[in-house]
Amino acid sequence: MPLAARHESKACMPPLDVHWVWLVHMLAPQQYRSDCNALLGRLVPHRLMTEAELGAARERGRVLWESTYPEEPWDVEKSTLTTASPSVNPSVNPSVNPPSPSLTTTTTTTTTTTATTTADTVDSSTISNFDTTTTATTAATTTATTNTTVQTSADVTTTTTTSAPTATTTTTTGISYDLRSAIGRQSAFYYQVSLPHYGNKGFLRQSEKRYRQFLALKRANPTQFLVPCYDIDLLWHSHMVHPDVYWRETTELLGKGLPHDDSVNDRAPGSRLMTSDERTRVMWGRAYHNTFRREGAMYRGDPPCTYLHPVPPQVHHSAHSSMYHCQVLKLAIKGRAPDGPLKIKIKHEEKKVAELNVFHKHKSVSEHNVADLDVSFSVRDQMLGDWMVLKMSPKRRFSRLMRFFGSGDFWCMAYFHELSDIKTEGTIVKVFEDSGAVVEVTLQVVQSYTESYVPLGILTGPFMPTLLDPTQLTATQGITMPGHSPSSDLYLADTAIHRLINESNTNKSVELLNVEVTHSRHLSMSSVRLRVPHDGKETLVAMAHTLDANTLPSPALLKCRDGEMQSYQMPMCDHSAGERAMVIKTHRGDWAVLVGAWKGLRGGIPGTRLKRGLPGSPGQLVVRFHCPPSAPAVTLTLPYERQYYTFSLHDLEIDMRNGVLKVNAGTDEWVENIALGLSITVLHVLCQPRMAEEMQDSVDGALGSTPDPLTYPRRIPVENLKMLGAMGFFCAAAPTNALRKKEVSDTVTAACTSHVVAGNIGAGCGACGGCGGCGGGEYYMTYLNSNMGNWVKSDVDMGATGDTGDNCACHVDSGFDPFTHMFSSDGGDCGGDGGDCGGDGGGCGGCGGCGGCGG
């Protein structure tokens with residue numbers, strides 16, 4: 001900091017690790033101003049730069065750094081990093097979670113907030129002249145380097161006490177702010193805004209508008225603790241890293257500088273974070289007459305490094321194919337073997353692996369030490385289940401004639417399963433016996449690993465009802481449902497646990513991975529968890545789960561002119577078109593995002609006497625594969641139309657029929673590719689049209705006349721595809737597109753029959769993601785009361801039955817959102833005649849029948 005203050009006019013920048021800590025410090029604007037004044041007597045300015053400007057400024061900083069601090073290296077070597085923030089995995093890219101420097105102070109902060117009533121309206125024009133030119137244009141840059149949450153209390157009193165130095169350093173920094181803890185919180189925030197759409201200009205323009213509205217809402221409610229969504233919070237961060245501009249402009253707008261607190265992280269029901277989040281939604285809806293939540297801007301769970309672990313090295317070795325190098329040490333011939341010179345051949349299938357010439361004396365046991373002959377061969381683990389053949393025949397005159405009469409010929413087959421018991425090296429004795437003759441072969445075996453991986457076969461388990469853990473759902477997927485007990489039926493799901501075994505060893509099942517597959521209709525969620533059995537416990541090493549619109553926005557929200565083409569540049573999901581998305585995570589973070597859709601389904605055209613008919617097509621699954629998520633998509637297609645059920649995907653080969661996964665040699669991403677194969681299978685389960693379900697009712701039988709079978713498309717033999725069954729094709733709880741389409745098209749919708757809205761991708765209107773681990777947010781599931789009356793998830797007036805216009809509950813964020821009915825047909829005006837369930841005057845929510853705004 002002294003160096004930056006001394007050379008302010010030169011616009012130099014520090015090393016990456018120092019720059020990260022500097023940015024974190026600026027995200028506590030009050031403490032940053034106080035520390036700068038205490039240390040330097042003035043505020044040290046900062047501004048975001050373009051990539052080219054930053055490179056030049058960093059080079060100027062290097063020159064000044066090396067001349068001022070010659071004993072302190074510019075770049076921090078990984079070997080010198082001995083500590084890390086508790087919430088930061090040190091194996092993660094240092095540009096995402098940079099190392100924290102040694103600090104010498106601790107801080108105690110006391111915050112007091114006085115709550116008052118809120119105004120019902122806010123005039124957005126009050127900030128029309130508010131200068132935020134530094135926010136939207138630089139928000140994308142802040143994404144890679146910042147982190148916060150939500151403090152918006154106007155009356156904040158901060159008391160700071162400094163203790164004696166506790167870190168391993170001889171220099172007292174004089175900084176009162178607890179930077180160590182803040183770095184961990186900001187690293188968690190970075191994960192929330194790390195998806196590529198946070199750098200999209202269309203997304204950021206709307207984010208800037210919402211940030212202005214957020215500040216206006218704060219001006220109208222100065223004593224309220226407001227909770228922003230992540231798009232707003234990103235703009236807030238971008239503003240704060242221009243500390244002099246930020247403090248001046250917020251003081252002009254609000255009468256005093258706006259503080260920021262990222263330490264409110266408790267998402268438990270009834271916590272300050274959750275109650276403030278609900279209050280912010282209500283105030284926002286009253287002020288702006290639109291929903292506070294936004295596609296792609298909601299909480300999506302904790303960083304994966306906090307609950308996923310690396311694959312243990314021993315397990316990773318076991319996943320590689322083994323090569324067994326065998327040397328013949330000794331031969332022992334017994335029994336009724338022919339006497340004289342003998343020729344012994346050892347073959348694997350049709351390939352000769354060894355040949356020996358020995359002499360045997362009739363009616364005696366002859367042992368032959370052949371180690372000096374260096375007779376050796378190698379066997380791959382995939383060959384252990386194949387026959388090994390030993391042939392022995394006399395090597396003298398008339399030997400062929402003797403074999404013709406069935407005398408003197410020896411032929412025996414055996415397996416080499418014993419080799420799999422050899423871990424490093426050992427000795428085995430194989431016994432071959434035929435017609436009273438016995439040949440014992442003593443082998444010295446040395447085992448080694450190859451670059452190729454063993455094929456994994458799936459041993460399936462049944463889908464069973466289970467009750468999901470709300471805490472785990474919040475941490476791993478960002479699903480929070482305040483107001484509902486952990487024993488609520490909303491958490492009911494179906495789960496199956498499968499085993500992935502070494503398919504190359506058919507003699508015994510060597511388990512390498514456990515696969516837990518979960519489907520929930522109520523939450524519209526599917527997930528796959530991969531665990532490694534190791535040292536008597538199971539370690540979670542990878543996870544894949546569905547993404548809803550709360551995490552991944554649609555092309556429409558991003559204002560894409562050509563959505564189909566731009567969807568290949570960054571992950572986005574058109575949920576209304578039936579696309580489904582999944583993310584694959586490891587301890588390093590998000591490994592890939594997949595967006596799948598079913599293409600090419602068409603019915604057949606019957607032929608006539610004059611014209612040949614055209615066969616139908618079952619279509620195929622087409623997946624956009626972004627690996628990493630910031631990379632352009634690679635298209636993966638499963639060509640079922642050609643009746644192929646074995647596919648090559650990335651570095652994986654998957655056999656759908658037999659349930660076998662094989663990762664290609666030369667890649668270190670073994671568990672990631674296994675998760676890829678399972679995730680694509682889940683997308684098949686969710687996306688494939690279910691013709692039988694659309695035409696038949698499980699209770700009442702046929703819904704109408706049976707269509708002509710000649711018009712059916714050729715079907716996919718799903719009952720014969722083992723992998724599809726394992727991933728839940730026949731699971732009733734799977735939230736498939738066909739199921740959701742059926743639910744929203746029924747006269748009596750799922751909401752009226754089960755008292756819960758589950759049609760939305762991502763469940764209801766919510767999952768407001770909050771900010772920086774502090775922005776709160778809910779994965780809303782909206783309940784109805786027992787008499788099917790108005791929607792009950794708000795403190796605001798929901799409107800009487802039959803209300804129309806602005807009084808309708810649809811215009812506030814009160815537990816209902818038209819987003820819930822994205823698959824429904826266009827409805828009538830809000831408050832029109834209701835459906836069978838809602839009755840006249842609005843049904844569910846008083847806004848157009850039990851289909852909500854969809855009519």
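Keep in mind that the numbers below use all heavy atoms, side chains included, and drop hydrogens, waters and symmetry copies.
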Compare all side-chain heavy atoms of [X] with those of [Y] and state whether any distance is below 4.5 angstrom.
| X | Y | answer |
| --- | --- | --- |
| M727 | H498 | yes |
| Y198 | M570 | no |
| D233 | F189 | yes |
| V454 | L512 | yes |
| W598 | H684 | yes |
| L594 | H626 | no |
| K559 | Q206 | no |
| M525 | P735 | no |

How long is the straight-line distance from [atom2] of [Y] back to [atom1] of [X], given to the nearest 0.5 Å?
| X | Y | atom1 | atom2 | answer |
| --- | --- | --- | --- | --- |
| I458 | N658 | CD1 | CG | 12.0 Å |
| L530 | L500 | CG | CG | 7.5 Å |
| Q477 | K585 | CD | NZ | 6.5 Å |
| T586 | M543 | OG1 | CE | 13.0 Å |
| L204 | S238 | CG | OG | 8.0 Å |
| H587 | T539 | NE2 | OG1 | 12.5 Å |

Side chain [X], main chain [Y], donor-acceptor under 3.5 Å:
| X | Y | answer |
| --- | --- | --- |
| E451 | G666 | no |
| N550 | M298 | no |
| R300 | Y191 | yes |
| S617 | L601 | no |
| K722 | T460 | no |
| S567 | E564 | yes |
| E516 | T495 | no |
| E208 | I232 | no |
| T667 | E669 | yes |

What heavy-atom pair brings [X] and [Y] nearest, and what distance separates the two atoms?
| X | Y | answer |
| --- | --- | --- |
| L621 | I680 | CD2-O, 3.6 Å |
| T450 | S452 | OG1-OG, 3.0 Å |
| F463 | V517 | CE2-O, 3.8 Å |
| G728 | A734 | O-CB, 3.9 Å |
| Y307 | D302 | CE2-O, 3.5 Å |
| I584 | A675 | CG2-CB, 3.7 Å |

* Taking the inter-plane angle between the rings of H320 and H317 on a 0 to 90° scale, is it parallel (under 30°), tilted (30 to 60°) or perpendicular (over 60°)? ->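 Tilted.
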* Asked: Salt bridge or not for E672 and R588, using N-O below 4.0 Å?
  ->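 Salt bridge flag = yes for R588 with E672.
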* Could you please spell out the steps behind the side chain to side chain contact (heavy atoms under 4.5 Å, CB included) verdict for S679 and F625? => CA-CA 11 Å; S679 300; F625 174 56; over 6 Å; no
Quick one: do the [X] and [Y] side chains pair a donor with an acceptor below 3.5 Å?
| X | Y | result |
| --- | --- | --- |
| D548 | T546 | no |
| H519 | S526 | yes |
| R294 | S207 | yes |

* Of L513, N664, L652, which is the lone residue that meets side chain to side chain contact (heavy atoms under 4.5 Å, CB included) with W670? ->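 Single side chain to side chain contact (heavy atoms under 4.5 Å, CB included) partner of W670 among L513, N664, L652: L513.
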* Asked: Among all residues two or more places apart in sequence or in another chain, which pass the salt bridge (Lys or Arg N to Asp or Glu O under 4.0 Å) test with E53?
  ->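 Applying salt bridge (Lys or Arg N to Asp or Glu O under 4.0 Å) to E53 gives R47.
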* **Axial cation check for F292 ring with R210, 6.0 Å and 45° limits** =>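 The answer is yes, since R210 meets both limits relative to F292.
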* Decide side chain to side chain contact (heavy atoms under 4.5 Å, CB included) for V595 and M572; before the verdict, give the C-alpha distance in whole Å, the side-chain angles of both, and the deciding distance to 0.1 Å. => CA-CA 8 Å; V595 182; M572 59 184 77; over 6 Å; no
* To do: Could you please spell out the steps behind the side chain to side chain contact (heavy atoms under 4.5 Å, CB included) verdict for L195 and D590?
  => CA-CA 9 Å; L195 288 176; D590 295 344; 4.2 Å; yes
* Output, in order, the C-alpha distance, side-chain angles, deciding distance and verdict of side chain to side chain contact (heavy atoms under 4.5 Å, CB included) for M481 and L523. => CA-CA 10 Å; M481 297 166 59; L523 300 179; 3.3 Å; yes
